[in-house]
Amino acid sequence: QVQLVESGGGLVQAGGSLRLSCTASGRTFRSYAMGWFRRAAGKEREFVAAISWSISVTYSANSVKGRFTISRDNAKNTVYLQMNSLKPEDTAVYYCAADFSGDFNGRHYNDVLGYNSWGQGTQVTVSS
């Protein structure tokens, strides 16, 4: 059973930065594709960013392109989400997710069904 634990959320003013971390248990972390999603109050969970198992490919939602960066350190079993130029509309619970198959289980990288395991989430609040 893979466990994902997110950290790094909090309250920040608009224009500020936060870095989220997600640490995974298990020895095969380096073979997982990883993703970040978020859910704002009253809205559906939406894709934020993803990174392939090989690190060489990353994906970002249009709403965060140029502001958020996903990265990973396989030696630390950790994936990061660096969030800069935060806006109030970025306020949400942020979840990391692991795809054991390495190819999002044949689905699109922004599809929640492409992931096998989810963290408990960390709250990010951006004040105006």
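Fair warning: this is a prediction, and the values are worked out from it, not measured in the lab.
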Sorted by chain and residue number, the salt bridge (Lys or Arg N to Asp or Glu O under 4.0 Å) partners of E89 (sequence neighbours excluded) come out as none
Sorted by chain and residue number, the side-chain contact (heavy atoms from CB on, under 4.5 Å) partners of N110 (sequence neighbours excluded) come out as F47, H108
Kindly say whether V57 contributes a backbone atom to a donor-acceptor pair with the side chain of S52 at under 3.5 angstrom? yes
Taken in chain and number order and not counting sequence neighbours, the residues that satisfy side-chain hydrogen bond (donor to acceptor under 3.5 Å, both in side chains) with S31 are none
Between the CZ atom in R38 and the CE atom in M83, the distance rounded to the nearest 0.5 Å is 9.0 Å
Side chain to side chain contact (heavy atoms under 4.5 Å, CB included) assessment of L81 paired with V48 | CA-CA 9 Å; L81 185 68; V48 176; 4.1 Å; yes
In terms of heavy-atom contacts, S128 and A14 come closest through CA-CB, 4.4 Å
Practice problem: Answer yes or no on whether R72 is positioned over the face of Y32, meaning its NZ or CZ is under 6.0 Å from the six-membered ring centre and within 45° of the axis. | Solution: no
Indicate every side-chain donor-acceptor pair of residues 4-13 with a distance under 3.5 Å to a residue at least two apart or in another chain.
| from | atom 1 | to | atom 2 | distance (Å) |
| --- | --- | --- | --- | --- |
| E6 | OE1 | Q120 | N | 3.0 |
| E6 | OE1 | Q120 | NE2 | 3.4 |
| E6 | OE1 | G121 | N | 2.9 |
| E6 | OE2 | C96 | N | 2.9 |
| E6 | OE2 | G121 | N | 3.2 |

For R67, the salt bridge (Lys or Arg N to Asp or Glu O under 4.0 Å) test, sequence neighbours excluded, returns D90
N116 meets the side-chain hydrogen bond (donor to acceptor under 3.5 Å, both in side chains) criterion, sequence neighbours left out, with N105
Taken to the nearest 0.5 Å, the spacing of W118 CH2 from C22 SG works out to 10.5 Å
Would a distance-only check, ignoring hydrogens and angles, find a side-chain to backbone donor-acceptor pair under 3.5 Å from S117 to V2?
yes
With sequence neighbours left out, the residues meeting side-chain hydrogen bond (donor to acceptor under 3.5 Å, both in side chains) with S17 are N84
Salt bridge (Lys or Arg N to Asp or Glu O under 4.0 Å) filter on D99, not counting sequence neighbours, yields none
Inset, instruction - Please answer whether the main-chain N or O of V126 pairs with a side-chain N or O of T91 as donor and acceptor at a distance below 3.5 Å. - result: yes
task = Quick one: do V79 and W36 satisfy side chain to side chain contact (heavy atoms under 4.5 Å, CB included)? Show the steps, please.
result = CA-CA 9 Å; V79 62; W36 285 97; 3.9 Å; yes
Those residues at least two apart in sequence (or on a different chain) that pass salt bridge (Lys or Arg N to Asp or Glu O under 4.0 Å) with D111 are R107
Look at the side chain of S25 and the backbone N and O of Q3, then say whether any donor-acceptor pair between them is shorter than 3.5 Å.
yes
With sequence neighbours left out, the residues meeting side-chain contact (heavy atoms from CB on, under 4.5 Å) with R39 are R45, Y95
For D103, the side-chain contact (heavy atoms from CB on, under 4.5 Å) test, sequence neighbours excluded, returns S101
To the nearest 0.5 Å, atom CD of Q82 lies from atom CD1 of I70 at 12.0 Å
Residues passing the side-chain contact (heavy atoms from CB on, under 4.5 Å) test with T78, sequence neighbours excluded, are S21, T23, K76, Y80
Which of Y109, Y115, Y94 passes ring-ring contact (aromatic ring centres under 6.0 Å, His included) with F37? Answer is Y115
For this session: Test T122 against V93 for side chain to side chain contact (heavy atoms under 4.5 Å, CB included), laying out the working first.
Result: CA-CA 5 Å; T122 185; V93 177; 6.0 Å; no
